[in-house]
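Input: a single structure, listed below in structure tokens.
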2 protein chains.
Amino acid sequence: MTRILVVDDEPQILRALQINLRARSYEVITAATAKEALRAAAQQPPDLVVLDLGLPDFDGGEVIRGLRGWTDVPILILSGRTQSREKVQALDAGADDYVTKPFAMDELLARLRVLSRRSIRGEDQPEVVIGDYTIDLASQLVTGPDRESGESVTVRLTPTEWKLLEVLVRHPGKLVSQRQLLAAVWGPADHPDSSYLRVYMGQLRRKLERDPSRPRQLLTEPGMGYRFSP
Amino acid sequence: MTRILVVDDEPQILRALQINLRARSYEVITAATAKEALRAAAQQPPDLVVLDLGLPDFDGGEVIRGLRGWTDVPILILSGRTQSREKVQALDAGADDYVTKPFAMDELLARLRVLSRRSIRGEDQPEVVIGDYTIDLASQLVTGPDRESGESVTVRLTPTEWKLLEVLVRHPGKLVSQRQLLAAVWGPADHPDSSYLRVYMGQLRRKLERDPSRPRQLLTEPGMGYRFSP
DNA sequence: CCGATTCCTCACGCGTTCTTCACGGGCAGA
DNA sequence: TCTGCCCGTGAAGAACGCGTGAGGAATCGG
């Protein structure tokens, strides 16, 4: 089920959206402030974001940048500001669409369909291979031969290990900066020390790489980040 | 260069778009009818399509479906029809955005940037060639033949080397002053001595140039700065 | 309440990278 | 020809980043 995060400080708009979206069987989570929004997005990563620019605590642009620091989730801006300057700013900051209030509900829904259509396109590659192991993104399963018996066994990954692996595998071949990884796994807050990363990468390698001390797929790019090489 | 197909039957709009897009160094091809549009798209596949719904020969919806049959190119609808029913139809038919006339040019351009931003993901990343080596800006990867074996190997660049190379490569052919380079790599503080630069340029040349002491692409402009010649 | 798993933190060792300096060569102007 | 200036190159110590092991805190399930 597609999960939508709706951020707006006007309760009646929040309610109207909630009702209409739930009726289309979206899962809806809501936030009324910028802080709430970022926290909610980190805890339950949404597939779509509907964002009002006029929030009480921070500017909506801050939310866009806060999200774009670690996720590519499509963002639709819903705002009362009609000036094209505002629109350009929001779109260039990383938003994907901009609808001005008052708005037609059916148009908004159509635009959301467009966004979810696009974002799903690249994601379907449910199986990835690392050495002897097969990773099934969809069912969150890692299978491979046992160390000695050779039988096919499922490898146990902890939630943190899984999130880390997922981020890397979803950007095959690309370098993923430590910032990105930390934000994706531990939330958008600032993480000055990246020692978690080293620990968990080590654990992943120990579970997935044939020779953990000489990784062939879970590569380190010193000073920059990590890379999953398919 | 990004190629845009603009489809509209009103000459003045066609001209206005053409001028503005060319000024942003897009490559523009135009069509005034549905048939022309489909033919042009087939002959020179565009990276973006701007489409007016009110064409003389066929309905714009036909063009959308005609394109969607074989390509995922982003389509932005530019139409005088403001009814949300029209918008929903077009968006559900496969369009990616919908702007109503009259429109603000800067907003349209911003929306085009959004579309090209999204579509570039996953498709062909910008690659730059230096001698035998290929630089992939998107995934931060440099590949080339090994010095002896000739096999394809990835070249290890340190973070500083990478930053330096990136600045140069992103301004192909242009002269980049030492001030600019120092500021881009080592921060905006003042750097009276430019000896870092010489050291790291040397290292880059040693890793990328066939004859490091006689560079062909990473050129020195004495007293001024450096230049990447493609 | 207890045990097991998972998460977070720290310190150490090692290899790499950064920074700095000195020296030599090419080139232009005096 | 001499003299600066600027650039390339090599070397060396310092600083940094990474992998690893271990231990305690937190969490979860029974």
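Predicted model, so just to flag it, every value in this text is computed and none were measured. Side chains are part of it too, since the values below use all heavy atoms of this structure and drop only hydrogens, waters and symmetry mates.
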* Asked: If the sugar-phosphate is the primed atoms plus P, OP1 and OP2 and the base is the rest, what is the B/S/- string for nucleotides 23-28 of chain D, using protein heavy atoms under 4.0 Å?
  -> ------
* Going 5' to 3' through nucleotides 15-21 of chain C, assign each nucleotide B (protein heavy atom under 4.0 Å from a base atom), S (under 4.0 Å only from sugar-phosphate atoms) or - (no protein heavy atom that close). => --SBBB-
So, [X] and [Y], do they make that salt bridge, N to O below 4.0 Å?
X         : Y         : value
Arg39(A)  : Glu36(A)  : no
Arg216(B) : Glu209(B) : no
Asp97(B)  : Arg111(B) : yes
Asp92(A)  : Arg85(A)  : no

* **Axial bend angle, the helix from dC1(C)-dG30(D) to dA30(C)-dT1(D): five-pair end segments, nearest 10°** =>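 For the helix from dC1(C)-dG30(D) to dA30(C)-dT1(D), the axes at opposite ends meet at about 40°.
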Less than 3.5 Å apart, which donor and acceptor atoms pair up between the side chains of residues 8-16 of chain A and the rest of the protein, not counting sequence neighbours?
{"unit_1": "Asp8(A)", "atom_1": "OD1", "unit_2": "Glu10(A)", "atom_2": "N", "d": "3.0"}
{"unit_1": "Asp8(A)", "atom_1": "OD2", "unit_2": "Lys101(A)", "atom_2": "NZ", "d": "3.2"}
{"unit_1": "Glu10(A)", "atom_1": "OE2", "unit_2": "Lys101(A)", "atom_2": "NZ", "d": "3.0"}

Tell me: [atom1] of [X] to [atom2] of [N], nearest whole Å?
X         : N       : atom1 : atom2 : value
Leu197(A) : dG17(D) : CG    : C1'   : 12 Å
Leu182(A) : dC8(C)  : CG    : P     : 11 Å
Arg214(B) : dT9(D)  : CZ    : P     : 11 Å
Lys163(A) : dT6(C)  : NZ    : P     : 14 Å
Leu218(A) : dC18(D) : CG    : C1'   : 15 Å
Arg205(A) : dT20(D) : CZ    : P     : 7 Å
Leu204(A) : dT20(D) : CG    : P     : 12 Å

* Asked: Side-chain N or O of Gln178(A) less than 4.0 angstrom from OP1 or OP2 on dG17(D)?
  ->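 False: Gln178(A) side-chain N/O out of range (4.0 Å or more) of dG17(D) OP1/OP2.
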* Asked: Looking only at side-chain N and O atoms, does Thr220(B) come under 4.0 Å of OP1 or OP2 in dG8(D)?
  ->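 Yes, because at least one side-chain N or O of Thr220(B) sits under 4.0 Å from OP1 or OP2 of dG8(D).
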* With sequence neighbours left out, write down each residue that passes side-chain hydrogen bond (donor to acceptor under 3.5 Å, both in side chains) with Glu166(B), or none if nothing qualifies. =>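 Here the qualifying residues are Trp162(B), Arg170(B).
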* To do: Look at the side chain of Arg205(B) and the backbone N and O of Arg210(B), then say whether any donor-acceptor pair between them is shorter than 3.5 Å.
  =>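 Pair absent, no side-chain N/O of Arg205(B) close to backbone of Arg210(B).
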* Using modelled atom types only, decide if a donor and an acceptor are shared between the side chain of Asp47(B) and the backbone of Arg3(B) within a distance under 3.5 Å. =>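 Yes; judged by distance alone, with no hydrogens or angles, the pair exists.
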Using a 3.5 Å cut-off and no angle test, enumerate the donor-acceptor pairs between side-chain atoms of residues 222-230 of chain B and protein atoms at least two apart in sequence or in another chain.
{"unit_1": "Arg227(B)", "atom_1": "NE", "unit_2": "Glu221(B)", "atom_2": "OE2", "d": "2.9"}
{"unit_1": "Arg227(B)", "atom_1": "NH1", "unit_2": "Gly173(B)", "atom_2": "O", "d": "2.7"}
{"unit_1": "Arg227(B)", "atom_1": "NH2", "unit_2": "Glu221(B)", "atom_2": "OE2", "d": "3.3"}

* **Closest non-hydrogen atom pair between Glu161(A) and Arg156(A), with its separation** =>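 Between these two residues, the closest heavy atoms are OE1-O, 4.2 Å.
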* Ser213(B) vs Asp211(B), side chain to side chain donor-acceptor pair (under 3.5 Å): CA-CA, chis, key distance, verdict -> CA-CA 6 Å; Ser213(B) 61; Asp211(B) 181 355; 3.0 Å; yes
